[in-house]
2 protein chains.
Amino acid sequence: MYPPSEAARRSGFSLDTLRYYEKIGLLSGVGRTSGGRRVFTDDDLSWLVVFRCLRDTGMPIAEMCRYAELSREGEHTVAARQELLEQHAARVEEQLTLLQRQYAHLREKIRFYQGITGATPVP
Amino acid sequence: MYPPSEAARRSGFSLDTLRYYEKIGLLSGVGRTSGGRRVFTDDDLSWLVVFRCLRDTGMPIAEMCRYAELSREGEHTVAARQELLEQHAARVEEQLTLLQRQYAHLREKIRFYQGITGATPVP
DNA sequence: TTTCAACCTGGAGTGCGCTCCAGGTCAAGC
DNA sequence: GCTTGACCTGGAGCGCACTCCAGGTTGAAA
């Protein structure tokens with residue numbers, strides 16, 4: 001049972017983002033106090049961990065919504081969820097490969113500058 | 001000497017993006033035919049390769065502009081350029097680490113689903 | 001000579017993912 | 001009881017990086 005500030009701190013999402021995620025239906029069933037304030041459970045927090053993983057790997061929000069919705073529909077969507085994650089993972093793999101390649105280019109370019117700047121103080 | 005379509009094909013940027021890059025001053029000094037059409041040189045193309053590397057690694061356009069501007073200023077900005085690239089490379093490294101970690105999480109989650117779905121057809 | 005696809009310009013529009021705001025409510029500590 | 005900071009809502013606004021459009025021009029092939 002955590003207040004919004006604590007959920008934000010633990011998940012790394014801002015308060016506004018948490019409210020936004022609830023508004024668009026990504027996060028649903030968040031409890032409230034009698035006064036109308038949000039109360040986050042450990043369950044909510046583990047959803048946030050999942051969202052963080054998906055977001056960090058570049059999944060669009062619309063697809064996260066679809067994943068969350070499938071989960072809410074129950075056990076019979078397990079295969080669909082797995083499929084969705086596998087397709088995403090494949091995209092992430094490509095992204096990772098590209099990033100590594102371009103990182104190598106970048107490092108190469110930096111080495112080139114070092115050859116100019118660094119003076120290579122005579123062998 | 002390449003027409004816009006060819007520059008787009010080779011660089012992977014759209015025609016609109018090439019025009020946009022020129023408009024904001026990222027790409028400068030692109031030649032023209034007497035009729036006003038763009039003519040891209042090998043030099044322009046190698047700039048585009050650099051921009052693709054920087055963009056693919058998440059550098060904001062404003063910073064690419066700064067880099068391009070430094071280059072145009074001449075040899076005395078070499079150290080600044082190197083610095084800029086090094087700082088960027090450091091960020092990319094972090095990004096790469098995060099992406100790898102989250103990718104591992106994702107794969108773990110998929111394995112979890114496989115444990116449910118896949119039935120593990122008895123050892 | 002005509003055609004027509006590729007190109008030009010300035011400027012408006014788009015999609016994403018938040019982020020900010022005004023104006024109000026709640027509740028813990030003094 | 002009062003203060004004060006955390007929280008609430010609906011809705012507007014923002015920053016980025018393009019992308020699209022209208023209306024016009026160019027130039028190579030048939």
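Note on naming: letters A, B, ... go to the chains in the order of the sequence lines (proteins, then strands), and numbering restarts at 1 for each one.
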Participant: Verify the contact: side-chain N or O of A/R38 to OP1 or OP2 of D/dC8, cut-off strictly under 4.0 Å; return yes or no.
Facilitator: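 Yes, within the criterion.
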
Participant: Of all the nucleotides listed (D/dC7, D/dC8, C/dC18), which has the minimum atom distance to the side chain of A/R55?
Facilitator: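 Per side-chain heavy atoms of A/R55, the pick is C/dC18.
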
Participant: If you assign each of B/D16 and A/R37 to its closest nucleotide in DNA chain D, which residue comes earlier from the 5' end?
Facilitator: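 With B/D16 and A/R37 compared, the 5'-side residue is A/R37.
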
Participant: So does B/Y21 get a side-chain nitrogen or oxygen closer than 4.0 Å to the phosphate oxygens (OP1/OP2) of D/dC18?
Facilitator: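 Checking B/Y21 against D/dC18: at least one side-chain N or O falls below 4.0 Å of OP1 or OP2.
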
Participant: Can you tell me if A/R19 touches the phosphate of D/dA6, counting only side-chain N or O atoms and a distance under 4.0 Å to OP1 or OP2?
Facilitator: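 No, outside the criterion.
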
Participant: Taking 4.0 Å as the cut-off, does a side-chain nitrogen or oxygen of A/S5 come that near to OP1 or OP2 on D/dC7?
Facilitator: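 Answer yes for this pair, as a side-chain N or O of A/S5 is under 4.0 Å from OP1 or OP2.
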
Participant: Of all the nucleotides listed (C/dC18, D/dC7, C/dC7), which has the minimum atom distance to the side chain of A/Y20?
Facilitator: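 When the side chain of A/Y20 is considered, C/dC18 is the closest of C/dC18, D/dC7, C/dC7.
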
Participant: For B/G35 and for A/G35, locate the closest nucleotide of DNA chain D by heavy-atom distance; then report the residue assigned to the nucleotide nearer the 5' terminus.
Facilitator: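 Mapping each residue to its closest nucleotide by heavy atoms, the 5'-most match is A/G35.
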
Participant: I need the residues from residues 89-102 of chain B with at least one non-hydrogen atom less than 4.0 Å from DNA chain C; give them sorted by number, or say none.
Facilitator: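 Those residues whose heavy atoms fall under 4.0 Å from DNA chain C, taken from residues 89-102 of chain B, amount to none.
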
Participant: Under 4.0 Å from OP1 or OP2 of D/dT19: is there any side-chain N or O of B/S14 that close?
Facilitator: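 For D/dT19, OP1/OP2 do have a side-chain N/O of B/S14 under 4.0 Å.
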
Participant: Looking at DNA chain C, which of residues 56-68 of chain A put a heavy atom within less than 4.0 Å of it?
Facilitator: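 Contacting residues: A/P60, A/I61.
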
Participant: Using the side-chain heavy atoms of B/P4, tell me which of these nucleotides is nearest: C/dC8, C/dG10, C/dT19.
Facilitator: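 Of all the options, the side chain of B/P4 is nearest to C/dC8.
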
Participant: Side-chain N or O of B/T33 versus OP1/OP2 of D/dG27: is the shortest distance under 4.0 Å?
Facilitator: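 Yes, within the criterion.
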
